[in-house]
Participant: 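Let me begin by handing over the structure; questions about it come next.
Given the structure is predicted, the values throughout are model-derived calculations rather than measurements.
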Amino acid sequence: MNPPRKRWTVNLTSAATTDFDGIMEWTAEQFGRQQAETYAATLVDTINSLAEWPTTIGVKACDSLSAGFFTLHTARTGRKARHIIVFRADPHRFEEGVQVVRILHDSMDMARHIESEPH
């Protein structure tokens, strides 16, 4: 029997939390509260999947932003979604966990919205 795998801690920066809230507000205004709740579940599911990092399917390295940055598109497992989770993590430093830096629409220029401060 295999021992249980460790799960990474996933934290959101204040910018990512603001992004999430803004996405929910806009979605509710444009498509209604029910659709906002459905989309919130999609975003939360994607964010929660990062606890399986670095084996999360669909993660792409994004060193063009800064070393240690990665992305995960929310359009996974057949779901329609248009946002990208931008996070940073070091696969060799479990104790630091995964930090969600931003949640950006996939049409946005990521580099304009990411501060490249050291972690």
Participant: Taking all non-hydrogen atoms of both residues, which atom of Arg102 and which atom of Ile114 are closest, and how far apart?
Facilitator: CG-CD1, 3.4 Å
Participant: Mind checking ring-ring contact (aromatic ring centres under 6.0 Å, His included) for His73 and listing every partner two or more places apart, or none if nothing turns up?
Facilitator: none
Participant: Are Val86 and Ile103 close enough that some pair of their side-chain heavy atoms sits under 4.5 Å apart?
Facilitator: no
Participant: Can you find a heavy atom in the side chain of Val101 that is under 4.5 Å from one in the side chain of Phe69?
Facilitator: yes
Participant: Is there a path from Phe31 to Met24 through hydrophobic residues (I, L, V, M, F, W, Y) whose side chains come within less than 4.5 Å of each other?
Facilitator: no
Participant: Starting at CD of Gln30, measure out to CD of Glu25 and round the result to the nearest 0.5 Å.
Facilitator: 10.5 Å
Participant: Would you sort out whether Ile47 and Val10 count as a side-chain contact (heavy atoms from CB on, under 4.5 Å), showing the intermediate values?
Facilitator: CA-CA 8 Å; Ile47 292 166; Val10 179; 3.8 Å; yes
Participant: Give the C-alpha distance, both sets of side-chain angles, the deciding distance and a yes or no for side-chain contact (heavy atoms from CB on, under 4.5 Å) between Thr56 and Leu72.
Facilitator: CA-CA 9 Å; Thr56 306; Leu72 179 60; 3.9 Å; yes
Participant: Can you tell me how far apart CZ (Arg7) and CG (Leu50) are? Round to the nearest 0.5 Å.
Facilitator: 10.5 Å
Participant: For a quick test of reading the model, state the closest non-hydrogen atom pair linking Ala81 to Ala75 and the distance between them.
Facilitator: O-CB, 3.5 Å
Participant: Out of Tyr39, Trp26, Phe20, which one pairs with His83 under the ring-ring contact (aromatic ring centres under 6.0 Å, His included) rule?
Facilitator: Tyr39
Participant: Mind checking whether Thr74 and Ile84 have side chains closer than 4.5 Å, heavy atoms only?
Facilitator: no
Participant: Apply ring-ring contact (aromatic ring centres under 6.0 Å, His included) to Phe70 and list each qualifying residue two or more places apart in sequence or on a separate chain.
Facilitator: Trp53, Phe87
Participant: Any heavy-atom pair between the side chains of Val98 and Thr9 that's under 4.5 Å?
Facilitator: no
Participant: For residues Thr71 and Ile85, determine if any side-chain heavy atom of one lies less than 4.5 Å from a side-chain heavy atom of the other.
Facilitator: no
Participant: May I ask you to decide if Ala16's main-chain N or O and Thr13's side chain share a donor-acceptor pair within less than 3.5 Å?
Facilitator: yes
Participant: Taking the side chain as C-beta and beyond, is there a heavy-atom pair between Val100 and Asn11 under 4.5 Å?
Facilitator: no
